[in-house]
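To keep things clear, I will list the structure first and then write my remarks on it.
Atoms within a ligand are numbered from 1 in the order they appear, just like the ligands themselves. The basis for the numbers below is simple: all heavy atoms, side chains too, and nothing from hydrogens, waters or symmetry mates.
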Amino acid sequence: MQHLKQKVVVITGGGSGMGQQAARLCAEAGAVVALIDVNEAGMQATCAMHDNIHAFSADITDFNAVSGAVTSIESDLGPVFRVYNCAAIMPFGKLIEQDNATAHKIMDINYGGLLNLSQAVLPGMVSRGAGEFISFASMAGIIPTMVTGAYSASKAAVAFFTEILYHENIDSGVKFACVCPPPVDTPLLDQGRSTHWPKMLEAGPNPIKPEEMINAIEAHLAADKFWVFHGKGAKVGPLMRRLAPGLIWKQCHDVEGF
Ligand SMILES: NC(=O)c1ccc[n+]([C@@H]2O[C@H](COP(=O)([O-])OP(=O)(O)OC[C@H]3O[C@@H](n4cnc5c(N)ncnc54)[C@H](O)[C@@H]3O)[C@@H](O)[C@H]2O)c1
């Protein structure tokens, strides 16, 4: 992470979980970190980890607020070099039962937020011909399970959006990465657990630590890898999804019991 020294790193969702750990690690590597979040207490806790971390409150679903935050970050701290798109929510539920407004909100934050930040920050990064743009999809957006439908759809949208963004800007000098984590031990999991937690997730491996995932992203970026899969089953799962989706669905029905 040496190349981040004195570079500006923007982290949406930097008030919690993986965004918080990314902020700490980037600041320790000498970067100047700007958080964008609605979680004021979480941002204060992240800022307390290092003098080089700064909070910029904005709701990621509000394009004007996000553009305003990027303008303030660039005038206060300098041109943005790296972006982590971490902001997300994850309430679960069966698709025809989940509250309609909640299902829309999942797509607005998880996908719409990425769209907003991309349009606010990438024109500058592309015109400077340098930078690193990291999206957070999920294994849930690659391998389907039941009761995670709205979240999984939002993460599949993130993966597709980021893949096309990467190819549209392939010669721009900006690196892109699409991260598809397995379950990671962060407060996000409580949102799933307090709504409708799939038995498939209970049967799966224990969540990994956020630092482990952030370090894996760094290793993939250094190796110029666009897709970031990490953890147990990270390689086999996507392959099975492509070659034998019926087996995945059979296991889902067997485990969930419907
Ligand atoms: N934790 C996991 O198991 C896991 C697995 C796969 C993918 N992911 C993805 O990784 C990313 C980081 O997840 P995490 O586990 O660190 O989550 P987290 O819940 O710990 O943090 C998410 C942050 O996003 C912020 N946020 C929510 N709505 C917002 C809004 N409208 N505007 C601005 N900020 C908002 C929250 O306030 C919070 O601080 C997410 O995109 C998530 O979907 C997480």
Sub-4.0 Å atoms of ligand 1 with respect to non-hydrogen atoms of [X]:
X	value
Gly17	16 (O), 20 (O)
Phe136	10 (O), 11 (C), 41 (O)
Pro183	3 (O)
Asp59	30 (C), 31 (N), 32 (N)
Ala58	32 (N), 33 (C)
Asn39	37 (O), 39 (O)
Ile109	28 (N), 31 (N)

Specify side chain, backbone, both or neither for [X], according to which of its non-hydrogen atoms lie closer than 4.0 Å to ligand 1.
X	value
Gln20	neither
Leu188	both
Leu189	side chain

Could you give me the CA-CA distance, side-chain angles and deciding distance for Thr102 and Asp99, then say whether side-chain hydrogen bond (donor to acceptor under 3.5 Å, both in side chains) is met?
CA-CA 5 Å; Thr102 302; Asp99 168 63; 2.6 Å; yes
Over 60° means perpendicular and under 30° means parallel, so classify the ring planes of Phe229 and Trp227, tilted if in between.
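Parallel.
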Proximal candidate to [atom] [heavy atom criterion; set [options]]:
atom	options	answer
atom 35 (C) of ligand 1	Ala87, Gly112, Ser138	Ala87
atom 11 (C) of ligand 1	Cys86, Gly231, Ser16	Cys86
atom 22 (C) of ligand 1	Ala88, Ala137, Pro187, Gly15	Ala88

So, His196 and Gln98: side-chain donor and acceptor under 3.5 Å apart, yes or no?
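His196 vs Gln98: no donor-acceptor pair found between side chains.
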Any N/O pair [X]/ligand 1 closer than 3.5 Å:
X	value
Met18	yes
Asn85	no
Asp37	yes
Ile60	yes
Val184	yes

Can you pull out every ring-ring contact (aromatic ring centres under 6.0 Å, His included) where at least one residue sits in residues 118-146? Sequence neighbours excluded, please.
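Output for this query lists Phe133-Phe176.
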Could you tell me if any non-hydrogen atom of Pro182 lies under 4.0 Å from any atom of ligand 1?
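Per 4.0 Å heavy-atom rule, Pro182 contacts ligand 1.
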Residues that Phe160 engages under ring-ring contact (aromatic ring centres under 6.0 Å, His included), provided they are two or more places apart:
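By the ring-ring contact (aromatic ring centres under 6.0 Å, His included) rule, Phe160 matches no residue at all.
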Using the side-chain contact (heavy atoms from CB on, under 4.5 Å) definition, which of the options Cys178, Ser135, Ser118 pairs with Phe161?
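The option that passes is Ser118.
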Would you call Glu218-Arg82 a salt bridge at under 4.0 Å N-O?
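Yes.
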